[in-house]
Amino acid sequence: MSPHQPTSRPAAGAPGVPWNRQRLRSNNEWLLLELLRTGGGTSRAQLARDTGLSKPTVSAALADLEQAGLVREAGWVSPERGRTAVLYEVDPTAGHVLGVDIGRARLRVAVADLAGTVVARRDVANRGRTADAVADAVVAAAREATTEAGLGAADIVHAVIGTPGVWDEERRGVRYATSLPGWGRPGLFDRIGEGLGTAVTVANDANLAALGEYTLGAGRGSRMFAYLLVGTGLGLGVVKDGELLLGAHGALGEIGLVPLPALAGGRPGVEGAVGGPGAVGGPGAVGGPGGTTLEQEAAADAVVRAAREFGLEGPGGRQLTAKRVFELARAGDAAALRAVHREAERLAYAVAVLSAVLDPDLLVLGGGIGSSADLLLEPLEQALGRFSLMRPTLAPSLLGAEAVLLGAVSTALETARPEVFERRTARL
């Protein structure tokens, strides 16, 4: 279920769910809770009109929800006619979730309440030299954020961790996380879960970014939306009619593993056009397993390699980074601009591939490199015109570096909201 939709529970009378008065009352309470969550402060009379429930039923359900700490009074409304009425709203402090974004360069952690409001966060450099060190740094950052929010581990209902790669439940590890050496070792995320002291879900970072962008950013309202995450790695998240597409093994979107046609020198020329010498797909192009992959040729390291190939060096002998290459390109540096155009050429090939397979109506460019859409979109559009007849609308991410983290928070809330409801109403 995508985070933009109301969370659902099995209704009384549904297959496998026995009908009884207690279950019916629980369903009524959940219905009211979801209406309050999506609609904000509402009176009892309005809730009765919206649901078709009787006013006594609504009053009894609100009383139970208030006693459980799930709703609270939000003020008063004085209509032109009739009596002053109490407004009710969801109490967002009834539970909290944790969202985590693990990248090669940075670790981002956010604690949010049930309304999705971030109440504390950490954004730190990823200095871990081993997988265990990175895992421990995640736990440390999460604990600091939880403490800052005035909470303990027991107050975190659920945590969602965004990471490169594909989660493998059987081996309890991720596959294809090539940008983080050692990250695929089984048991590593169990170590994180034990350190956090809460239930943990592991999800692909591009998938979470796509959900975040669909819910809160540029993807809103799109029927078939693709999010291309370009940073230290290359990933793709696809949302169709509000639902995330995962594939048979959860690996849909691992476009970075696609081999890039090998040409002279192993890299397609920026100046070439499709069908011409030195172009992607031109004479002499060969592909297949064992060749260079899209991730190797379109992620951050490739931008730096291209810039050096064109004669650019780090300022003052310092290490050259992809971020610096784009900064220099904005300043008009010729070598940096050539590197950016080569990057656009690589991405255009990736977009051509996914357009032919998925036919999205919108593709959003995100991630560390994707944040430079101001430089990339125009040459990408031009290259795509040479590579493919199928061209989705291209747009920059509106969430930027926050996309994965916000997607993780939204996904954690989908699990936490019904769980908090079940826990608190079970005590009544």
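- The shortest heavy-atom contact between A322 and V304 is N-CG2, 3.4 Å.
- For residues 174-212, the ring pair (Phe, Tyr, Trp, His ring centres under 6.0 Å) pairs, not counting sequence neighbours, are W167-F189, W183-F189.
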Would you check, one step at a time, whether the test salt bridge (charged side-chain N to carboxylate O under 4.0 Å, His left out) holds for K240 with E243?
CA-CA 5 Å; K240 181 180 184 298; E243 299 292 331; over 6 Å; no

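- Considering only heavy atoms from C-beta on, P164 comes within 4.5 Å of L180 through its side chain.
- V111 is not listed as a side-chain neighbour of V118, based on a closest heavy-atom distance of 4.5 Å or more.
- Nearest heavy atoms, A141 versus R122: O-CG, 3.6 Å.
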Let me check something: any side-chain donor-acceptor pairs from residues 247-256 under 3.5 Å, sequence neighbours excluded? List them with distances.
{"residue": "E254", "atom": "OE2", "partner": "N204", "partner atom": "ND2", "Å": "3.3"}

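- Nearest heavy atoms, N207 versus V238: OD1-N, 4.5 Å.
- Side-chain atoms of D155 come within 3.5 Å of backbone atoms of G152 as a donor-acceptor pair (strictly under, hydrogens ignored).
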Report the C-alpha distance between L33 and W30 in whole Å, list the side-chain angles of each, state the deciding distance to 0.1 Å, and finish with yes or no for side-chain contact (heavy atoms from CB on, under 4.5 Å).
CA-CA 5 Å; L33 192 64; W30 177 255; 4.1 Å; yes

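- Put simply, the side chain of E295 gets close to the backbone of L234: a donor and an acceptor are under 3.5 Å apart.
- Side-chain atoms of E297 and Y349, non-hydrogen and from C-beta on, never get closer than 4.5 Å to each other.
- Side-chain atoms of T425 and E29 form no donor-acceptor pair, as typed in the model, at a separation below 3.5 Å.
- Classification of E89 and R72 as a salt-bridged pair holds, one side-chain N sitting under 4.0 Å from a carboxylate O.
- T146 contributes a side-chain N or O that, together with a main-chain N or O of A142, makes up a donor-acceptor pair within less than 3.5 Å.
- With values rounded to the nearest 0.5 angstrom, D374 atom CG is found 9.0 Å from F326 atom CZ.
- One N or O on the side chain of T42 and one on the backbone of G40 form a donor-acceptor pair closer than 3.5 Å.
- A distance-only check finds no donor-acceptor pair linking the side chain of R417 to the backbone of A412 [under 3.5 Å].
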Please evaluate residues D91 and T93 with respect to the criterion side chain to side chain donor-acceptor pair (under 3.5 Å), reporting the C-alpha separation (whole Å), side-chain torsions for both, the decisive distance (0.1 Å), and the verdict.
CA-CA 6 Å; D91 188 341; T93 65; 2.6 Å; yes

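- Annotation: side chain of R423 is in contact with side chain of V157 (closest heavy-atom distance under 4.5 Å).
- Looking at R424 and E419, no side-chain N of the basic residue comes within less than 4.0 Å of a carboxylate O on the acidic one, giving no salt bridge.
- In R330, the CZ atom is crowded: over 12 heavy atoms of neighbouring residues, nucleotides or ligands sit closer than 6.0 Å.
- A distance-only check finds no donor-acceptor pair linking the side chain of R342 to the backbone of L337 [under 3.5 Å].
- Listed for the D132 side chain is no donor-acceptor partner under 3.5 Å among the backbone atoms of V134.
- Counting all heavy atoms, side chain and backbone alike, A61 lies closest to L32 at CB-CD1, 3.4 Å.
- For the atom pair CG of L62 and CG of L47, the computed distance is 6.0 Å after rounding to the nearest 0.5 Å.
- R121 and E402 are joined by a salt bridge, as a carboxylate oxygen and a charged side-chain nitrogen come within less than 4.0 angstrom of each other.
- Summarising the geometry, atom OG1 belonging to T411 is positioned 12.5 Å from atom CD1 belonging to I161; distances are rounded to the nearest 0.5 Å.
- Between the side chain of S179 and the backbone N or O of G233, no donor-acceptor pair lies under 3.5 Å.
- In terms of modelled atom types and a separation under 3.5 Å, the side chain of E213 and the main chain of A210 share no donor-acceptor contact.
- Annotation: side chain to side chain contact (heavy atoms under 4.5 Å, CB included) contacts of A408 (sequence neighbours excluded): V160, L208.
- Closest approach of S397 to G366, counting heavy atoms only: CB-CA, 4.1 Å.
- Salt bridge E34/R37: present, at least one basic N to carboxylate O contact under 4.0 Å.
- Between the side chain of D101 and the backbone N or O of V404, no donor-acceptor pair lies under 3.5 Å.
- Between H158 and T201, the side chains place a donor N or O and an acceptor N or O closer than 3.5 Å (distance only, hydrogens not considered).
- Note that the CG atom of L377 and the CG atom of L394 stand 6.0 Å from one another [nearest 0.5 Å].
- Here the CG atom belonging to L347 is positioned 8.5 Å from the CG atom belonging to L294, to the nearest 0.5 angstrom.
- Taking CD of E327 as the reference point, atom CG of D333 lies at 12.0 Å (rounded to 0.5 Å).
- For D361 and S222, the side-chain atoms include at least one donor-acceptor pair closer than 3.5 Å.
- The shortest heavy-atom contact between L362 and G219 is CD2-CA, 4.0 Å.
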